[in-house]
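Keep in mind that what you see is a predicted model, and the values were worked out from it rather than measured.
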Amino acid sequence: MTKQRFRSFASALALGASLFATQALAKSDITIAMQLEPPHLDPTSAAAQAIDSVVYTNIFEGLTRFMGDGSVVPGLAESWEISDDGTIYTFKLRDGVTFHDGTTMDAEDVKFSLDRATAEDSANAQKALFAGIETVEVVDPLTVQVTLKEPNGNFLFNLAWGDAVIVAPESIENIKTNPVGTGAFTFADWVQGDSITLNRNPDYWGDQPALETATFKFISDPTAAFAAMMAEDVDVFDNFPAPENLPQFEADPRFQVLVGSTEGETILSTNNKQEPFDDVLVRQALAHAIDRQAIIDGAMFGYGTPIGTHFAPHNPAYVDLTGNSAYDPEKAKALLAEAGYPDGFETTLHLPPPSYARRGGEIIAAQLAEIGIKAEIINVEWAQWLESVFKGKEFGLTIVSHTEPMDIGIYARPEYYFQYDSTDFQALMETLNSTTDPDERTRLLGEAQRLIATDYVNGYLFQLAKLGVAKAGVQGLWENAPTAAIDLTAISWDE
């Protein structure tokens with residue numbers, strides 16, 4: 001072999017080795033697309049699902065956590081003891097846990113986080129989850145004692161929510177733009193309007209994840225989502241927004257399609273304090289004007305399970321109440337006439353960006369028009385929805401999917417954005433919270449479902465399906481979504 005040929009051969013080998021190394025490196029990176037960009041990155045001060053999708057278990061962790069099958073397991077608390085009367089929880093924290101800035105996570109941080117969530121000026125979107133806490137006491141650096149005002153059979157479940165993650169006073173000031181947690185990934189960069197990048201935390205207390213880097217890419221347009229996935233510009237699209245394209249991915253060996261369930265009760269939220277929706281007859285008319293299957297077929301291309309109350313069909317305590325609000329436009333017209341609106345009325349219909357809302361909203365507006373209700377469609381971005389609808393309560397109707405786990409308790413909060421105020425329901429939730437017997441809890445949950453269904457608080461549409469598309473080599477993705485999360489810790493590439 002001549003020197004020149006040897007150099008060429010060596011160069012080819014070097015190039016091949018370089019390409020192989022690049023491909024090997026790529027196997028520890030991943031790009032995950034999402035339709036919505038988070039308004040900020042503090043899960044303890046906003047209700048936006050997109051926040052938890054990025055930070056839950058990845059950046060921030062709680063005392064307990066949800067797994068992909070919906071089970072609740074130890075998180076930063078390695079164990080706990082519960083007093084005989086069910087009011088005192090003594091948590092033993094994991095030793096050697098540090099925040100991403102190098103500071104130690106200890107009982108003082110737990111006390112700070114829970115006190116902050118329960119404070120009078122708390123901005124926590126799920127503040128009600130912590131209302132039953134009476135005191136939080138530091139026993140020693142690795143032991144914290146939480147005393148409840150009364151027993152709460154859901155307490156460990158509540159602590160697994162993204163709203164209950166443990167944060168530190170040293171980094172709280174900039175948490176929205178520079179989140180510092182204890183998770184397996186650290187915040188690296190946020191290019192507004194484009195992407196967020198996380199890096200593997202080398203000092204993580206638990207098992208090191210397979211991924212070194214994860215980039216969350218924001219693609220709001222369904223057509224652009226399809227194009228990006230087909231071009232393999234992204235590796236995963238969580239909650240793919242164009243269900244009509246799924247058959248193409250299923251037929252393409254480059255991809256896998258994951259169809260599962262979520263905790264997302266998709267509802268026609270109704271402002272219960274705004275006329276004429278303060279009249280139960282009007283709300284009942286709305287319910288009978290809705291053809292759920294037409295919405296599922298038209299907006300979600302058949303993906304979704306009809307619901308008749310605010311409860312997930314996969315939950316063992318679910319009661320099928322869809323018959324209570326069956327599609328019956330003639331009955332809806334009669335109810336409107338009985339309520340004093342024989343010619344209907346005008347209202348607003350605020351629609352956030354997700355496909356289920358924008359597409360579903362067009363269908364619902366047409367259905368309401370058939371009974372004389374003219375709904376003015378107002379398309380809003382997610383930040384606008386949070387500000388004007390969720391916080392400002394400036395709406396008549398809106399469509400949103402409530403993805404928080406088993407969140408029927410929100411109906412016991414009169415200040416919540418749809419402003420349902422029922423002393424009967426509030427008393428029922430108090431009884432449920434203090435009940436630990438599983439059979440009795442199931443009975444009470446059934447009663448709760450029936451109460452809000454017969455009060456027609458909202459228009460109950462369907463349980464949102466989890467529709468994900470990924471490259472064939474990605475493994476460890478959650479098929480179902482027991483909470484809003486894209487858990488990076490178990491994701492890897494199939495070698």
| message | Determine whether a donor-acceptor pair (N or O, by modelled atom type, separation under 3.5 Å) exists between the side chain of T262 and the backbone of G264. | response | yes
| said: I'd like to know if the side chain of T431 and the backbone of A427 have a donor-acceptor N/O pair within less than 3.5 Å. | reply: yes
| message | Let's go through L444 and E447 carefully: what are the C-alpha distance in whole Å and the side-chain angles of both, what is the deciding distance for side-chain contact (heavy atoms from CB on, under 4.5 Å) to 0.1 Å, and is it a yes or a no? | response | CA-CA 5 Å; L444 290 169; E447 189 176 336; 4.2 Å; yes
| message | What's the separation between atom CG in L428 and atom OG in S422, rounded to the nearest 0.5 Å? | response | 9.0 Å
| request: Kindly give the heavy-atom pair with the smallest separation between R283 and D455, and that separation in Å. | output: NH2-O, 3.0 Å
| said: One thing to verify: whether D238 and K466 come together as a salt bridge, which I'm taking to mean a side-chain N less than 4.0 angstrom from a carboxylate O. | reply: yes
| Of the options L41, I486, L198, V165, which is the one that meets V55 in a side-chain contact (heavy atoms from CB on, under 4.5 Å)? | L41
| request: Identify the two heavy atoms, one from A125 and one from D163, that lie closest to each other, and give their separation to 0.1 Å. | output: CB-OD2, 4.3 Å
| query | To the nearest 0.5 Å, how far apart are CZ in R292 and OG1 in T266? | reply | 12.0 Å
| query | Does the side chain of Y411 come under 3.5 Å of the side chain of H310 through a donor N or O and an acceptor N or O? | reply | yes
| request: State, with a plain yes or no, whether a side-chain heavy atom of S355 is found less than 4.5 Å away from one of P241. | output: yes
| For E120, does its backbone N or O pair with a side-chain atom of K127 as donor and acceptor, under 3.5 Å? | yes
| Can you tell if the side chain of D320 reaches within under 4.5 Å of the side chain of P306, non-hydrogen atoms only? | no
| query | How about E173: does its CD atom have over 12 heavy atoms from other parts shown lying under 6.0 Å from it? | reply | no
| request: May I ask you to check whether Y356 and H402 place their ring centers less than 6.0 Å from one another? | output: no
| said: If we count only N and O atoms by modelled type, under 3.5 Å, do the side chains of D42 and S45 hold a donor and an acceptor together? | reply: yes
| Neighbour count above 12 (heavy atom, 6.0 Å) for D207 CG | no
| said: Under the criterion side-chain contact (heavy atoms from CB on, under 4.5 Å), I'd like the reasoning laid out for Q192 against E37: C-alpha separation, chi angles, the key distance, then a yes or no. | reply: CA-CA 9 Å; Q192 295 281 344; E37 181 174 15; 3.7 Å; yes
| Distance-only side-chain donor-acceptor flag, N324 / R450, under 3.5 Å | no
| remark: Scanning both residues in full, the closest heavy-atom pair of Q35 with P354 reads OE1-CA, 3.6 Å
| message | Looking at E81, I'd like to know if its CD atom is crowded, meaning that more than 12 non-hydrogen atoms belonging to other residues, nucleotides or ligands lie closer than 6.0 Å. | response | no
| query | Is a side-chain N or O of N201 found less than 3.5 angstrom from the main chain of G183, in a donor-acceptor match? | reply | yes
| Between T309 and Q449, is there a donor-acceptor pair closer than 3.5 Å when you use the side chain of the first and the backbone of the second? | yes
| message | Evaluate L432 against M429 for side-chain contact (heavy atoms from CB on, under 4.5 Å), listing each step before the verdict. | response | CA-CA 5 Å; L432 175 67; M429 284 297 102; 3.7 Å; yes
| Side-chain donor-acceptor pair under 3.5 Å between Q419 and R413, yes or no? | no
| Between E265 and N458: side-chain donor-acceptor atoms closer than 3.5 Å | no
| remark: side-chain contact (heavy atoms from CB on, under 4.5 Å) with N152: of T87, N158, L129, only one passes, and it is N158
| message | Any carboxylate oxygen within less than 4.0 angstrom of a Lys/Arg side-chain nitrogen, looking at E440 and R443? | response | yes
| query | Should I399 and I364 count as side-chain neighbours, where that means a heavy-atom distance under 4.5 Å? | reply | yes
| said: Let me confirm one number: the CD-CZ distance from E170 to F112, rounded to the nearest 0.5 Å. | reply: 8.5 Å
| field | Donor-acceptor under 3.5 Å (N271 side chain, K393 main chain) | value | yes
| query | Just wondering, do P405 and P482 contact through their side chains at under 4.5 Å, heavy atoms? | reply | no
| message | So that I know where these two stand, are F216 and F218 an aromatic pair - ring centroids less than 6.0 Å apart? | response | no
| query | Is a side-chain N or O of T118 found less than 3.5 angstrom from the main chain of D115, in a donor-acceptor match? | reply | yes
| message | Can you give me the closest heavy-atom contact between A117 and N124, atom names plus distance? | response | CB-ND2, 4.1 Å
| Donor-acceptor pair, Q274 side chain versus F395 backbone, under 3.5 Å? | yes
| request: Can you see which heavy atom on Y341 is nearest to which on P276, and at what distance? | output: OH-CB, 3.1 Å
Determine all donor-acceptor pairs shorter than 3.5 Å in which one atom belongs to a side chain in residues 60-77; sequence neighbours excluded.
residue : atom : partner : partner atom : Å
E61     : OE1  : T182    : OG1          : 2.7
E61     : OE1  : W205    : NE1          : 3.0
E61     : OE2  : Y204    : OH           : 2.7
T64     : OG1  : L156    : O            : 2.9
T64     : OG1  : A160    : N            : 3.1
R65     : NH2  : D487    : OD2          : 2.7
D69     : OD1  : S71     : N            : 3.0
D69     : OD1  : S71     : OG           : 2.6

| said: I want to check something: taking the side chain as every heavy atom from C-beta on, are I133 and F155 in contact at a cut-off of under 4.5 Å? | reply: yes
| query | Does the N58 side chain pair with the main chain of L488, one donor and one acceptor, at a distance under 3.5 Å? | reply | yes
| request: Would you name the heavy atoms of I30 and V236 that are closest together and state the gap between them? | output: CD1-CG2, 4.0 Å
Check residues 381-392 and write down every donor-acceptor pair under 3.5 Å in which the side-chain atom is one partner and the other belongs to a residue at least two apart or another chain.
residue : atom : partner : partner atom : Å
Q384    : OE1  : E381    : N            : 2.8
W385    : NE1  : T398    : OG1          : 2.9
S388    : OG   : Q384    : O            : 2.7

| task | Scan side-chain atoms only and decide if Y460 and S325 contain a donor-acceptor pair under the 3.5 Å cut-off. | result | no
| field | I51 and H40: CA distance, side-chain angles, deciding distance, side-chain contact (heavy atoms from CB on, under 4.5 Å) verdict | value | CA-CA 7 Å; I51 299 175; H40 57 75; 3.7 Å; yes
| task | For the residue pair T177 and N174, confirm or rule out a side-chain donor-acceptor distance under 3.5 Å. | result | no
| Side chain proximity check, T143 to F91, heavy atoms < 4.5 angstrom | no
| field | Atom CG of D194: over 12 foreign heavy atoms under 6.0 Å | value | yes
| request: Measure centre to centre between the rings of F345 and F277, then say whether the value is under 6.0 Å. | output: yes
| query | What's the spacing between F99 CZ and I59 CD1 if we round to 0.5 Å? | reply | 13.0 Å
| query | With a 4.5 Å limit on heavy-atom distance, are the side chains of T98 and T103 in contact? | reply | no
| request: Nearest 0.5 Å please: distance from the OG1 atom of T104 over to the CG atom of D101. | output: 9.5 Å
| query | How about F187 and H100: are their ring centres within less than 6.0 Å of each other? | reply | no
| query | In Å, rounded to the nearest 0.5 Å, how long is the span from OG1 of T454 to CD of Q284? | reply | 9.5 Å
| said: If we ignore hydrogens and angles and just use 3.5 Å, is the side chain of N480 paired with the main-chain N or O of S261 as donor and acceptor? | reply: yes
| query | Is any side-chain heavy atom of N379 closer than 4.5 Å to a side-chain heavy atom of I377? | reply | yes
| Are E212 and R200 within salt-bridge range, i.e. N to O under 4.0 Å? | yes
